[in-house]
Each structure stands twice: as C-alpha cells, then as structure tokens.
Amino acid sequence: MEEEITKSNFIKTIITEDLENGKNDGKVITRFPPEPNGYLHIGHAKSICLNFGIAREFKGRCNLRFDDTNPEKEDQKYIDAIIEDVKWLGFEWGETIHYASDYFENLYHFAEELIEKGKAYVCSLNAEQMRAYRGTLTEPGKESPDRNRPVEESLDLFRRMKAGEFDEGTYVLRAKIDMASPNINLRDPIIYRIKKMAHPRTGDAWCIYPMYDFTHGISDALEGVTHSLCTLEFQDHRPLYDWLLDEVSVPCHPRQYEFARMNLNFTVMSKRKLQKLVEQDYVEGWDDPRLPTLAGIRRRGYPPAAIRNFCNLIGVGKKENRIDVGLLENCVREELNETAPRVMAVINPLKVTIENWEDGITDELDALNHPQKPEMGKRKVLFSKHIYIEKEDFMENAPKKFFRLSEGREVRLRYAYFITCKEVIKDETGEVVELICSYDPATRGGNAPDGRKVKGTLHWVSEEGSIPAKINLYDRLFQDEDPEADTEHFTENLNPDSLVVLENGKVEKSLENAEPSMVYQFERLGYFCADSKESSPANLVFNRTVTLRDTWAKVKKKR
RNA sequence: UGGGGCGUCGUCAAGCGGUAAGACACAGGAUUUUGAUUCCUGCAUUCGGAGGUUCGAAUCCUCCCGCCCCAGCCA
C-alpha cells in the first residue's frame, strides 16, 4: 500500500504540532467508535481511513470500539459486519476489540464519584417535564426540584436504580452543570437512564445504561486516546466532554476534534433510508451491490485501495460538502485499470459467420491479460467459423465517423483477424440477425503484413466453446442530487437477466475459475465483478462495477 | 431572535501578510489491437459582500450577507 499523504487535513497538522510540542509523550492514539446499529457505508469510510490512517502514519494505534450503550438498537450481527468491513478496508487494531460495555463497571463508579462530589444528582422529572424545564434555544432552563437532593439520597437512589428497584422512566442521573447555559448540552444533561433490557454483550447484568456523552469521553480516557475525532454535530458536546473529564478521576484528558462528514451526490447515505430499503425488500440485503454500504460496494467489486485513496483525496475539513460520486468512480477505475485482467465478453450478441473459414476448424489465438502489463501473462482464445460481436458494433448506413463494422467495411477482431462484412441477413421484421463476413488469413494476430490499417477493433467471442454467464447490469441506487429526497425517488437501473457470452477459457481456464469478487475488465464494456454471492464455476454471475469512459457516446451526442 | 461552526473554480481542496497548488469534471490535441488506457494543452486578475489597516491582504480589523448544527431518558 502506497497511500499518498495529503495535506488537506487540518487534523494531521494539529497532531504534527502536538508531537513537536512533546504532548502525550509523543503518542498518537485514535479510535473508530461505531454504534452497532446498522451497516457501515461509504461515509463511514472517511472516519475509518482518517482514524486508522493517522495511527498508521504517526506510528500510533487506533482502537476499534463499539459504542454499545443503547441495547434498544444494537445487535451482534452489526458488530460482526462492522468488524468484517473494517478489516476489508485494510486496517488492523491489534488483539483487542473494545466495547464501551466493557467499561460499564468503571462508568458506574465514575458516576458515583460524580454524585459524591455533588456534581450529579438523581432526578425524578419525567420526559415531558424534563423538556419543559430544559428551556429553549433562546430561554434559559429551570432547575429541577431534585437538583439539590442530598448526596446520600442521590447515592442511595442511584444504587437502587442499578438494583432494578424502579421502573423505566422514573429516575435518571443528571450531571449538575448549568441550567442557564446557552449551550443546551450543559443544562444538566442526563448521564444514566433505566432500561430494563438485555444487552447483546452484558445480557441482564445491567438495567441502567450510561448515555453517549458520559460514556464516550471516559472510554477515550480509559483507552489512553490522545485525539478523539468525531463529526461536526458534536462540536456543542465538546464543553461537556471536557467538563466530565475534568470532574472525574480518569488517567488522562483526550482532546476532541470535529470534522465534516462526507456527503456524496446521488447517493443514499442515511441509515434510516438504507434500513427501509433493506427491511422492505427494495434490495436483496445490506450487501446488495446497488447500495453504498461497504458490504455492498465490496460485493460490487470496488477495491479497498480505491476507497482509501478516495478518502485521502477528498481531504478533511469543517466545510459541509457534497462530493461528486464521479470522483469515487474515478478512483475505482484508476485502481482497476492497474489490476483488473482483461477479458472479452459480448453482452448483446450478433452472430457473425466467416464464409471462408472451414467449418469444424478452430484456431487458438494469444490474448494479453493486460495490454500494458505483459507480466500479467496471456491466454489462448478460441476462434471458429461462427462468432459473436456486440450488436451495437454493427451499423447499416454508418456515418464516416463510425469506426466499427458496416457492410463492405473491414475491421479487426481483437487478437484475431481482419474481417470484411459481405452480407447482412435480416429477419422478417427487418432486424439484422446475422452478418456474413470474410477473413484475411494473413492478418492472424491482428496485423496486416501489407501494412494496411483498419480503424476499428472489435471484441468478439467464438460460438464454439464460449461460456454463458449471467450479468447483473444493475447500477448504483440513485437518488436525487438532493440528499433529502425520499426513497420514492430512487431510480433502479435493474437488468438482472441479461445473458453474456464470455470468451472461451479452454486453455487457461481463467474464467471458468473466476474467483468470486475478482474484477475483470470486459473489453470496452466496463469493469465487472464476479459476484461473491452467486458465482461458481458452473454459474458465472457478474455485477457491473463501473463503466469505462465512452467517447463514442459523445460523438453520437454531437451529431 | 441564544449558543456553536462554516463560506477559495461546476465539485472537493491547498494557502496562514508577499501577489491563487493539486485532483475530479469540462474543452481541445497526440499516440493506441477496442472511441479504453497513456500523454500533452487550456480552464479563478480573483478568494461570500462592503469598508478599513498596509508598500503589499484570500490571509489582519470592522460591519453586513448566506449556509449548517443544538431544545432524545439516540449516538
């Protein structure tokens, strides 16, 4: 991995300065703290690459920590999926995976410490009253009648909360800060609530659970995190983060920095919408290749290196952004162009009969697996009397600018021979169903000894011995450029049953052994991933990854 | 209208008082056994706006404008 170091990252600047000033004993420890309540998507990749990338770059460490403080929404299946996704992106966290729930005991003691210091109290206001007492954006809040409850009484109540003596909603533990603060987060925030619910990891051990604000800072401190990186919406929480770490006897005081989350145009990123799409069966599951989930794009064939590079290119700042997905796709193409073996496939076949080729005879031709990389080797492809070309590679009454096949014109079949179209056969509806062509034996391999040139080169597939495959030509799930658009506005570009004919792999067997998740470049058609879910040697299924640039499309548009 | 943030090319993004990097997109051109790839070339006299300080401002000061976030016993 040769990730470039970009300067467009103010956090790296801060860390560099901290290091120069000898802070944190020269250590850099970050963490990636997802709540296991859904699948990770491309937006999370930014945070992952940032946190793990910084750890790697500064020779520090990044903890994977699950922020599992709300059993209502969380599930083991999300934990498993998240672990797999982070691994897939290429990052490591050492032996241990951390869980906020591992600190429940510590957290509880810190809460008691706060009560003992008179910095927290048990409050009996119900949710509705709490809201009323909180005040508004412009008006200060009112102090709870319980605010001056004696320490001993709060302690007793809190212990009984823990013991399960009270129903949900009857009591909460609140930090005693300032009900008149212009920052609403400081108006005596709730730090513990009663939830009589089993936790995926701690089971029935607890019936009180700590809130995010209380948990997060302390977890960071317990892990020795030096730089706690989160998204912009937590900026207003920073004073609370700092207040808490100052009041409680934790080993260190990490610093929180906020950055803007990644937004992509035309891309469904909200957890709510993704959940709806999955649960209401609009898609096959969280790993549906149309989805921008990490599991989805993995199945789609996006290489992890491309994602990492993308996250590097977009930078890290505080500005709201909506990045063009085109940049992502460019990163994917760039990576795949280097690594994907090329192969010929015909998606929309048009039969071609070579009139001067003897029936029953086959020829084996050399084809490069990568035109610019001979080290990737070559393979043999089969040529015979009957072959298929792409329907759109033939045009009647073609304009001069059309470089492909037309009646009377000569083109090159890639790695094979020059052929000339002699006759066009149509069915009763007038549709072209077959071409009769002649080939020039002297052009075997694709070059004419007499030096004559040909403008077009076509991909093709031999009828004999070709491999049929299924191709999922579906595209990314689009939504309006406006991310607020509803799921109803999604357009599906679904084409599940197209049949493709792949070049014969008789000699190299490369395709018959197509590895699931391996991405191939189908000549001129784009990049396709052998579907890791459905592919087997007997049943090849490909998902479209990204398309190639098509300047012929532009030429057509202009005319 | 309280508080916290943010405004540099179509989209990201460098720049931190010395006269606007780079990437994607876009537009031309060259090479090419796929109209791909690769390779050149062009693309902000101007930094949300208006004043001011200065020999000199995107960078400092003042005012104004616009956008985002916060009133879950979610994270």
Side-chain angles (χ1 to χ4, degrees), chain A residues 6-9 33-35 37 67-70 72-74 123 125-127 130-132 134-141 168-174 181-187 189-195 209 211-213 215-216 230-239 258 260 262 265 271 310 313-331 333-334 337-338 342 344 367-368 370-372 390 393 401-404 411-416 445-447 454-460 521 523-526 547-556:
Chain A
T6 25
K7 277 187 72 189
S8 50
N9 186 330
E35 184 192 13
N37 66 347
D67 241 331
D68 54 350
T69 54
N70 184 5
E72 225 167 289
K73 300 179 171 179
E74 298 156 8
C123 179
L125 256 28
N126 65 33
M130 191 81 71
R131 199 177 316 123
R134 190 154 31 224
T136 67
L137 294 178
T138 50
E139 301 159 298
E168 285 186 20
T170 53
Y171 289 109
V172 292
L173 182 67
R174 295 226 257 166
S181 171
N183 180 347
I184 292 176
N185 294 296
L186 261 21
R187 318 241 260 234
I190 294 170
I191 57 181
Y192 261 94
R193 76 288 214 191
I194 300 170
K195 254 186 214 293
Y209 291 95
M211 298 285 287
Y212 163 84
D213 284 306
T215 310
H216 204 88
C230 63
T231 43
L232 252 25
E233 64 269 29
F234 292 102
Q235 283 177 122
D236 293 344
H237 294 239
R238 186 166 8 104
E258 309 87 8
M262 173 212 299
N265 60 1
K271 202 166 259 180
F310 171 67
L313 287 178
I314 61 173
V316 178
K318 289 195 171 217
K319 201 180 73 173
E320 289 287 332
N321 56 68
R322 197 180 306 172
I323 293 153
D324 190 348
V325 274
L327 181 58
L328 206 212
E329 298 195 330
N330 182 69
C331 290
R333 270 196 302 264
E334 192 176 70
N337 180 44
E338 289 291 312
R342 274 98 236 249
M344 292 195 286
L368 264 14
H370 189 122
Q372 281 85 38
E390 209 67 59
D393 284 348
K401 292 254 191 178
F402 185 76
F403 300 156
R404 308 179 197 176
V411 296
R412 168 169 42 230
L413 292 177
R414 180 151 233 223
Y415 299 126
N447 286 308
V454 104
K455 273 214 181 110
T457 301
L458 307 184
H459 56 274
W460 54 276
Q521 188 195 112
E523 298 278 4
R524 219 193 60 226
L525 299 173
T547 45
L548 261 23
R549 289 198 180 80
D550 185 5
T551 47
W552 167 240
K554 280 183 205 163
V555 174
K556 275 195 288 192

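A note on names: the letters A, B, ... follow the listed sequences, proteins ahead of strands, and every chain is numbered from 1.
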For C9(B) and G5(B), measure between their C1' atoms and round to the nearest Å.
24 Å
Does U45(B) have a Watson-Crick or wobble mate here (both distances under 3.5 Å), and if so which one?
none
By side-chain hydrogen bond (donor to acceptor under 3.5 Å, both in side chains), R131(A) pairs with (sequence neighbours left out) none
Can you name the residues that form a salt bridge (Lys or Arg N to Asp or Glu O under 4.0 Å) with K73(A), not counting sequence neighbours?
none
For nucleotides 8-11 of chain B, give me every protein contact, N/O to N/O, under 3.5 Å, one pair per line with atom names.
| unit_1 | atom_1 | unit_2 | atom_2 | d |
| --- | --- | --- | --- | --- |
| U8(B) | OP2 | K319(A) | NZ | 3.0 |
| U11(B) | O3' | R322(A) | O | 3.2 |
| U11(B) | O2' | R322(A) | O | 3.1 |
| U11(B) | O2' | D324(A) | N | 3.4 |

Tell me, please, which residues at least two apart from H237(A) pass ring pair (Phe, Tyr, Trp, His ring centres under 6.0 Å).
F234(A)
note: R412(A), atom CZ; U32(B), atom P; distance rounded to Å ~ 10 Å
With E329(A), which residues qualify under salt bridge (Lys or Arg N to Asp or Glu O under 4.0 Å), at least two apart?
R476(A)
Do side-chain atoms of E74(A) reach the backbone of N70(A) as a donor and acceptor pair under 3.5 angstrom?
yes
Using the C1' atom as the reference point in each nucleotide, state the distance between U8(B) and C67(B) in Å, no decimals.
16 Å
Between R193(A) and T69(A), what is the shortest heavy-atom contact and its length?
NH1-O, 3.5 Å
Just jot down the ring pair (Phe, Tyr, Trp, His ring centres under 6.0 Å) partners of F403(A), sequence neighbours excluded, or say none.
none
Using purine N1 to pyrimidine N3 plus N6-O4 or O6-N4 for Watson-Crick, or N1-O2 and O6-N3 for G-U wobble, each under 3.5 Å, what pairs with A50(B)?
U62(B)
Can you tell me the pairing partner of G2(B) across any strand shown, Watson-Crick or G-U wobble, with both distances under 3.5 angstrom?
C70(B)
State which residues pass salt bridge (Lys or Arg N to Asp or Glu O under 4.0 Å) with D393(A); sequence neighbours excluded, sorted by chain then number.
R404(A), R524(A)
Considering every strand and a 4.0 Å limit on heavy-atom distances, what is the contact class for I314(A): base, sugar-phosphate, or nothing?
sugar-phosphate
Per-nucleotide protein contact string for nucleotides 35-43 of chain B, where B marks a base within reach and S marks sugar-phosphate only (heavy atoms under 4.0 Å, - for neither)
BBB------
With E168(A) via salt bridge (Lys or Arg N to Asp or Glu O under 4.0 Å) - residues at least two apart:
none
Nucleotide by nucleotide, nucleotides 68-75 of chain B touches protein heavy atoms under 4.0 Å in the pattern (B base, S sugar-phosphate only, - none) SBBBSBBB
Partner nucleotide, any strand, of A30(B) [Watson-Crick/G-U, under 3.5 Å]:
U38(B)
So does D236(A) get a backbone contact from the side chain of N183(A), meaning a donor-acceptor N/O pair under 3.5 Å?
yes
Anti versus syn assignment for G10(B), with syn defined as within 90° of 0:
anti
Distance check, P atoms only: C60(B) and C16(B), in whole angstrom units.
11 Å
Residues passing the side-chain hydrogen bond (donor to acceptor under 3.5 Å, both in side chains) test with S181(A), sequence neighbours excluded, are none
What integer number of Å spans the P atoms of U11(B) and U19(B)?
27 Å
Write down the distance separating the P atoms in C65(B) and A50(B), rounded off to the nearest Å.
15 Å
Using the test ring pair (Phe, Tyr, Trp, His ring centres under 6.0 Å), find all partners of Y415(A) that sit at least two apart in sequence or belong to another chain.
none
Pairwise P distance for A20(B) and C24(B), with rounding to whole Å:
23 Å
Watson-Crick or G-U wobble mate for C24(B), both contacts under 3.5 Å:
G10(B)
